[in-house]
Amino acid sequence: MNMKLKYELLKEEKSTKARLGKIITKYGKYQTPMFMPVGTLATVKTLAPEEIKETKAGIILANTYHLWLRPGEDIVNEAGGLHKFMNYDGPILTDSGGFQVFSLANSKDISEEGVAFKNQLNGDRLFLTPEKSIEIQNKLDSDIAMSFDECPPASASHDYLKQSIERTIRWAKRGKDVHNNKNQALFGIVQGGPHEDLRKYSATETVKLDFDGYSIGGVANDGEDKEAMYKAIDYSIPYLPKDKLRYLMGVGEPIDIIEGVIRGVDIFDCVLPTRLARHGNALTKYGKINIKNKKYKKDFTPLDSTCDCYACQNYTRSYIKHLISCNETFGARLLSIHNIRFLIRLTEELRQAIENDNILEYKQEFIKNYYGDKYE
RNA sequence: GCGGAAUUGGUGAAGUGGUUAACACGCCGGAUUGUGGCUCCGGUACGCGUGGGUUCGAUCCCCACAUUUCGCC
């Protein structure tokens with residue numbers, strides 16, 4: 001089937017910028033706001049595709065840079081594309097490798113042409129360009145491709161960020177010019193750190209290039225405080241068209257998803273639920289818990305008694321603590337299922353709150369439960 | 001019965017006659033926001049088998065005892 005993903009705005013919440021929307025894909029229709037689990041290496045770590053589906057996830061992520069290194073885009077292409085390769089019949093978004101320009105900072109060199117990396121696996125020298133990133137994503141055959149951007153730390157100087165976003169805009173255009181997968185949407189990325197003028201400039205110029213959707217990047221990557229992150233969103237959103245999907249990259253924590261939705265963001269992705277899971281943490285209505293803590297040794301209740309996930313329906317904290325303590329992967333799998341389902345339920349509730357026009361009340365209620373007295 | 005060796009935290013162990021007894025594992029906590037890493041960061045023996053002695057000072061030297069272990073009869 002020949003079909004590029006479409007977005008439809010359904011409703012705006014009365015007192016905030018929160019919006020309810022619909023994404024139509026060849027795999028089905030999904031509502032936004034939505035949380036997208038991350039599956040960097042064509043697998044949401046520890047989960048089978050059936051288990052991903054069971055969390056009610058829609059779009060999932062994979063990563064261009066990592067799949068380029070292993071197994072290589074040609075192999076994925078020969079397998080029939082990412083969906084067939086990993087047996088996932090839902091929408092997939094590929095990140096461009098831009099974030100790796102940031103996260104693999106000690107082994108890279110940025111120039112106008114692109115980014116020279118040192119392959120962390122074998123020391124090979126690699127060169128990724130905007131054109132190459134798009135070409136790889138074309139071959140991976142994801143449903144949404146991301147422009148190749150530089151993702152500088154929020155703490156970088158205004159001067160540096162200015163020249164960085166200008167280059168990122170040139171890179172976005174170069175990528176768009178070679179993009180030729182008719183079934184694949186292509187998104188542009190707004191950068192600019194915490195600065196109002198830079199966000200405005202980046203958003204305006206990126207929108208001029210006319211992408212299928214826009215994302216806000218460079219956020220939550222530098223230990224910057226939450227206010228700086230919320231400002232980055234506030235400074236970007238007004239310049240993005242209402243009829244296109246808005247994606248806040250790499251976020252995040254439950255409270256940040258709520259704040260993002262209130263500010264007009266539609267989709268989010270984050271490694272947090274799966275990483276927390278592997279490290280023995282569970283997100284619950286009453287806050288994050290570390291299942292390794294002694295106090296759960298004889299706790300025969302579910303991770304979160306308000307949760308409908310497979311882990312909470314069938315297993316106790318005591319058992320999951322035992323698994324994590326023994327380093328059994330089934331523990332990480334149960335926690336991953338739970339944490340992903342937790343964030344997806346959060347977005348389900350946010351959609352309902354938008355529908356009911358009471359999202360600010362929902363936020364207060366959430367904070368009261370999640371943080372108790374600890375919220376400043 | 002005789003002779004030798006050993007005895008340090010929950011475990012495996014380093015170590016020195018003189019400030020806070022190394023390290024690892026475990027245990028107890030914490031971190032984690034477009035995922036290189038079951039990762040990272042803290043805390044965790046007021047005491048070095050027991051009792052004496054030598055010394056200004058002993059976990060480290062000496063003696064006795066206990067326990068463990070090896071060899072011999």
Quickly work out the [X] [atom1] to [N] [atom2] distance and round it to whole Å.
{"X": "A:E224", "N": "B:U33", "atom1": "CD", "atom2": "P", "result": "11 Å"}
{"X": "A:I291", "N": "B:C28", "atom1": "CD1", "atom2": "C1'", "result": "16 Å"}
{"X": "A:Y65", "N": "B:G37", "atom1": "OH", "atom2": "C1'", "result": "13 Å"}
{"X": "A:K292", "N": "B:C28", "atom1": "NZ", "atom2": "P", "result": "10 Å"}
{"X": "A:H279", "N": "B:G42", "atom1": "NE2", "atom2": "P", "result": "17 Å"}
{"X": "A:Y247", "N": "B:U33", "atom1": "OH", "atom2": "C1'", "result": "12 Å"}
{"X": "A:N339", "N": "B:U33", "atom1": "CG", "atom2": "C1'", "result": "13 Å"}
{"X": "A:K321", "N": "B:C38", "atom1": "NZ", "atom2": "P", "result": "20 Å"}

Exercise for the section: Would you please enumerate the stems RNA chain B participates in, each stem being three or more consecutive Watson-Crick or G-U wobble pairs with both distances under 3.5 Å? Expected result: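 Runs of three or more consecutive pairs: B:1-7 with B:66-72, B:10-12 with B:23-25, B:26-31 with B:39-44, B:49-53 with B:61-65.
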
What distance, rounded to whole Å, do you find between the two [atom1] atoms, one in [N] and one in [M]?
{"N": "B:U50", "M": "B:U55", "atom1": "P", "result": "23 Å"}
{"N": "B:G53", "M": "B:A14", "atom1": "P", "result": "31 Å"}
{"N": "B:G12", "M": "B:A31", "atom1": "C1'", "result": "29 Å"}
{"N": "B:U32", "M": "B:C40", "atom1": "C1'", "result": "9 Å"}
{"N": "B:U7", "M": "B:A13", "atom1": "C1'", "result": "13 Å"}
{"N": "B:C48", "M": "B:G15", "atom1": "C1'", "result": "10 Å"}
{"N": "B:G3", "M": "B:C63", "atom1": "P", "result": "14 Å"}
{"N": "B:C60", "M": "B:A21", "atom1": "P", "result": "15 Å"}

Counting only non-hydrogen atoms, which of [range] are less than 4.0 Å from RNA chain B?
{"range": "residues 265-278 of chain A", "result": "A:D269, A:C270, A:V271, A:L272, A:T274, A:R275, A:L276, A:R278"}
{"range": "residues 41-62 of chain A", "result": "A:K45, A:L61"}
{"range": "residues 207-220 of chain A", "result": "A:G218, A:A220"}
{"range": "residues 170-178 of chain A", "result": "none"}

Practice task
Kindly write out the residues that satisfy side-chain hydrogen bond (donor to acceptor under 3.5 Å, both in side chains) with A:R333, not counting sequence neighbours, or none if the list is empty.
Solution key: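 Partners of A:R333 by the side-chain hydrogen bond (donor to acceptor under 3.5 Å, both in side chains) criterion, ordered by chain and then number, come out as A:E51.
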
Would you call [X] and [Y] a salt bridge, taking side-chain N to carboxylate O under 4.0 Å as the test?
{"X": "A:K285", "Y": "A:D304", "answer": "no"}
{"X": "A:K242", "Y": "A:E12", "answer": "yes"}
{"X": "A:D124", "Y": "A:K118", "answer": "no"}

Exercise for the section: Might you work through the side chain to side chain contact (heavy atoms under 4.5 Å, CB included) test for A:F268 and A:M34, ending with a clear yes or no? Expected result: CA-CA 6 Å; A:F268 302 81; A:M34 167 195 274; over 6 Å; no

Listing request: all ring pair (Phe, Tyr, Trp, His ring centres under 6.0 Å) pairs with a residue in [range], at least two apart in sequence or in separate chains.
{"range": "residues 128-156 of chain A", "value": "A:F148-A:W171"}
{"range": "residues 176-222 of chain A", "value": "A:H158-A:H195"}
{"range": "residues 324-360 of chain A", "value": "A:Y315-A:F330"}

Taking the side chain of [X] as its heavy atoms from C-beta onward, which of [options] lies nearest to it?
{"X": "A:K294", "options": "B:U35, B:A31, B:C28", "result": "B:C28"}
{"X": "A:N293", "options": "B:G29, B:C38, B:U35", "result": "B:G29"}
{"X": "A:E253", "options": "B:U32, B:U35, B:U33", "result": "B:U33"}

Problem - Test ring pair (Phe, Tyr, Trp, His ring centres under 6.0 Å) applied to A:F35 - qualifying residues, sequence neighbours left out - result: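 Once residues adjacent in sequence are excluded, A:F35 has no partner under the ring pair (Phe, Tyr, Trp, His ring centres under 6.0 Å) criterion.
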
Within the pair [X] and [N], is there a side-chain N or O less than 4.0 Å away from OP1 or OP2?
{"X": "A:N290", "N": "B:G29", "result": "no"}
{"X": "A:N63", "N": "B:U35", "result": "yes"}
{"X": "A:K288", "N": "B:A31", "result": "yes"}

Could you check whether [Y] and [X], counting side-chain N and O atoms only, form a donor-acceptor pair closer than 3.5 Å?
{"X": "A:D269", "Y": "A:Y247", "result": "yes"}
{"X": "A:D308", "Y": "A:Q313", "result": "no"}
{"X": "A:D149", "Y": "A:S147", "result": "no"}

Exercise for the section: Taking the side chain as every heavy atom from C-beta outward, state whether A:L47 and A:I340 have any atom pair closer than 4.5 Å. Expected result: yes

Is there a donor-acceptor contact under 3.5 Å from the side chain of [X] to the main chain of [Y]?
{"X": "A:D212", "Y": "A:L186", "value": "yes"}
{"X": "A:R167", "Y": "A:E112", "value": "no"}
{"X": "A:S142", "Y": "A:L93", "value": "no"}

Handout entry: Pairs involving residues 61-85 of chain A, ordered by first then second residue, that meet salt bridge (charged side-chain N to carboxylate O under 4.0 Å, His left out) (sequence neighbours left out)
Key = A:E73-A:K132, A:D74-A:K139

Practice task
Can you sort out the partners of A:E113 under side-chain contact (heavy atoms from CB on, under 4.5 Å), two or more places apart, ordered by chain and number?
Solution key: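 So A:E113 forms a side-chain contact (heavy atoms from CB on, under 4.5 Å) with A:S111, A:F127, A:T129, A:R174.
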
Practice task
Could you tell me whether A:E328 contacts a base, only the sugar-phosphate backbone, or nothing, with contacts defined as non-hydrogen atoms closer than 4.0 Å?
Solution key: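 A:E328: no heavy atom of the nucleic acid under 4.0 Å.
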
Handout entry: Most 5' of A:G39 and A:T329 on RNA chain B, judged by nearest nucleotide
Key = A:G39

Exercise for the section: Go through the N and O atoms of the side chain of A:D256 and the base of B:U33, and report whether any donor-acceptor pair is under 3.5 Å. Expected result: yes

